[in-house]
Protein chains: 2
Amino acid sequence: MTNDCRLCPMKTKATSMLSDCSLDQLSNNHLELKLQKGDAIIKQGTYSTNVTFLRSGIAKIHLAGPYNEQIVKIAKAPCYLGLPTTFGSKINQYSVTAVSDVEVCYIDLTVFQTILDENKTFTQELIQEFCRNELESFHRCANRTQKMIRGNMADALLDFADNIFKSDSFNLPLSQTEFANLVDTSRESVSRVLSEFEKDGILKITGRKIDILNKKSLVLVSQNG
Amino acid sequence: MTNDCRLCPMKTKATSMLSDCSLDQLSNNHLELKLQKGDAIIKQGTYSTNVTFLRSGIAKIHLAGPYNEQIVKIAKAPCYLGLPTTFGSKINQYSVTAVSDVEVCYIDLTVFQTILDENKTFTQELIQEFCRNELESFHRCANRTQKMIRGNMADALLDFADNIFKSDSFNLPLSQTEFANLVDTSRESVSRVLSEFEKDGILKITGRKIDILNKKSLVLVSQNG
DNA sequence: ATTATTTTGTGATATTCATCACAATGACTA
DNA sequence: TAGTCATTGTGATGAATATCACAAAATAAT
């Protein structure tokens, strides 16, 4: 695999704004790794000295809540991971774990900072990303706390279909326990509701393979429970 | 009241980094207003063309959840309001409403953007603020969804005491209905739990005046319910 | 292949809270 | 001053869902 960021096929919108010169700097100061499903990419509580770029694959962002592990959201390449920690804190405030095989680049923080300083558009893109994330997290939090289980599960399934996999047929990359931590319920409830969805003809479930058979119903459930 | 930002006693850390020149620019391009408790500062769904600076007072940041109004958090001067919307969206994704009498400055967005472009440290401060907010909102969301009513109410009361008023005796600037929207419960539950806290000798409640009598207990409730 | 170990399905029970209902108080208004 | 309207206190009831308890599959390990 090439180590040249100019040739990286996974450039984000933000990165694609960079000059060749900046990209050279990136290339020379990063470490590229392949990790397996289940491997930790970032660990809550440890020191953060890098910016992490998720080159390919899917990861879960999660943290230790007061009682249970909480999966905040699912991240899909290409994207940066752990940026909030990088600028807002020294130690990682959350963990990121691969839920599929992934490729990641660890970029030296000072190099990243330098590039940021020298590229207004890159900075602007990044600020916009932060802002969108914050807005998104407000809405997500309101949904999670107000909707009931069926609504939240429908939301999560639609997110996988529409945003993560862009297909109504996909392999759920989470166990039911993890899924429960994503939608704030118990593992048992996840199992029960999935069965219900199947019985209602909304889903076809084969192991962890999910086919959305009746998307309109699923959207209705998302809206009304 | 002076309209000169150089003399504004409420400058944020970020703003204090600006050169006099930049501050002049600010001074000449903003609108200063006094608003009353209950007045809208930013309205969800409307177009956003300004950056808003909360000069003095307290405001609630809230949005329409799927079923109820959700108060995301309480903001206290000095701070910027609506920045995420400014950069991440064109229309306001949430509302901000004064919960005490407030003074606000509406700053023209393009001027703000220009100043931002010309001041690296200002930009960095802002990015750090975004990041801290995002981390904070992750944790807040995990707490809200996992803790039970008593724990969440204790958290909110401690937030008022420690961060907003910096005193264990304060006037709650919210009705019980609003308080319920802040901690994700029903108004009735808020009433009941407040009574419980009073009966347990944790609080003294006189109308909306709250005295925290036994902070250790309150912290314990926050941790264990 | 044969154990372990993790993951999943499903019933019975218990708990937390929301909702409904209505009285009481307080605040603003005509 | 009375009268409307918003806020608060408190009981009774019901709904949603967590928890407990196993059994059954499915995966991984030896």
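Chain A is the first sequence line, chain B the second, and so forth, proteins listed ahead of strands; every chain is numbered from 1.
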**Request:** Give the angle between the helix axes at the two ends of the helix from dA1(C)-dT30(D) to dA30(C)-dT1(D), taking five base pairs at each end and rounding to 10°.
**Result:** 40°
**Request:** Heavy atoms only: give me the nearest Tyr47(B)-Asn92(B) pair and the separation to one decimal.
**Result:** O-ND2, 3.7 Å
**Message:** Tell me if a side-chain donor or acceptor on Glu69(A) pairs with a main-chain N or O of Asn181(A) at a distance below 3.5 Å.
**Reply:** no
Only distances under 3.5 Å count here; give the side-chain donor-acceptor pairs of residues 191-205 of chain B to other protein atoms, sequence neighbours excluded, each with its distance to 0.1 Å.
residue   : atom : partner   : partner atom : Å
Ser195(B) : OG   : Ser191(B) : O            : 3.0
Glu196(B) : OE1  : Arg150(B) : NH1          : 2.4
Glu198(B) : OE2  : Ile205(B) : N            : 3.1

**Message:** Could you report the tightest heavy-atom contact between Pro173(B) and Glu178(B), atom names first, then the distance?
**Reply:** O-OE1, 4.1 Å
**Prompt:** Hey, which of Tyr106(A), Tyr80(A), Phe112(A) is the one that makes ring-ring contact (aromatic ring centres under 6.0 Å, His included) with Phe53(A)?
**Reply:** Tyr80(A)
**Prompt:** Is the backbone of Ser189(B) close enough, under 3.5 Å, to the side chain of Ser186(B) for a donor and an acceptor to pair up by distance?
**Reply:** yes
**Asked** Do any side-chain nitrogens or oxygens of Ser191(B) fall under 4.0 Å of OP1 or OP2 in dT8(D)?
**Response** no
**Fill in**
Here the distance between atom C1' of dA16(D) and atom CZ of Arg144(A), to the nearest Å, is 19 Å
**Prompt:** Ignoring hydrogens and geometry, is there a side-chain-to-backbone donor-acceptor pair from Asn152(A) to Lys147(A) under 3.5 Å?
**Reply:** yes
**Asked** Do any N or O atoms from the side chain of Asp101(B) and from the backbone of Lys37(B) form a donor-acceptor pair under 3.5 angstrom?
**Response** yes
Report, one pair per line, the protein and nucleotides 24-26 of chain C atoms (nitrogen or oxygen only) whose separation is under 3.5 Å.
none

**Asked** Are any of the side-chain nitrogens in Glu136(B) or Arg140(B) under 4.0 Å away from the carboxylate oxygens of its partner?
**Response** yes
**Asked** Atom CG of Leu174(B) and atom P of dT8(D): how far apart are they, to the nearest Å?
**Response** 10 Å
**Message:** Within residues 193-214 of chain A, which residues have any heavy atom lying less than 4.0 Å from an atom of DNA chain C?
**Reply:** Ser195(A), Arg208(A)
**Least distance between heavy atoms, Arg144(B) atom then Val72(B) atom** = NH2-O, 2.8 Å
**Item:** Contact nearer the 5' end of DNA chain C, comparing Ser175(A) with Arg192(B)
**Value:** Ser175(A)
**Asked** Rounded to the nearest Å, what distance is computed from the CZ atom of residue Arg150(A) to the P atom of nucleotide dA18(D)?
**Response** 14 Å
**Geometric class of the Phe160(B)/Phe179(B) ring pair [parallel <30°, tilted 30-60°, perpendicular >60°]** = tilted
**Item:** Selection: residues 176-188 of chain B, any non-hydrogen atom under 4.0 Å of DNA chain C
**Value:** Asp184(B), Thr185(B), Ser186(B), Glu188(B)
**Message:** If we check side-chain contact (heavy atoms from CB on, under 4.5 Å) with Leu81(A), which of these qualifies: Asn50(A), Thr86(A), Leu54(A)?
**Reply:** Leu54(A)
**Request:** Report the distance from atom CG of Asn152(B) to atom C1' of dA18(C), rounded to the nearest whole Å.
**Result:** 15 Å
**Message:** Let's see if you get this right: which residues in residues 59-69 of chain B place a heavy atom under 4.0 Å from DNA chain C?
**Reply:** none
**Request:** State, to 0.1 Å, how close Ala142(A) and Pro66(B) come at their nearest heavy-atom pair, and which atoms those are.
**Result:** O-CD, 4.0 Å
**Asked** At their closest point, which heavy atom of Pro84(A) faces which heavy atom of Cys131(B), and how far apart are they?
**Response** O-CB, 3.2 Å
**Message:** If only side-chain N and O atoms count, and only distance matters, is there a donor-acceptor pair under 3.5 Å linking Gln93(B) with Thr85(B)?
**Reply:** no
**Fill in**
Closest non-hydrogen atoms of Lys215(B) and Asp168(B), given as atom of the first, atom of the second and distance, are NZ-OD1, 2.8 Å
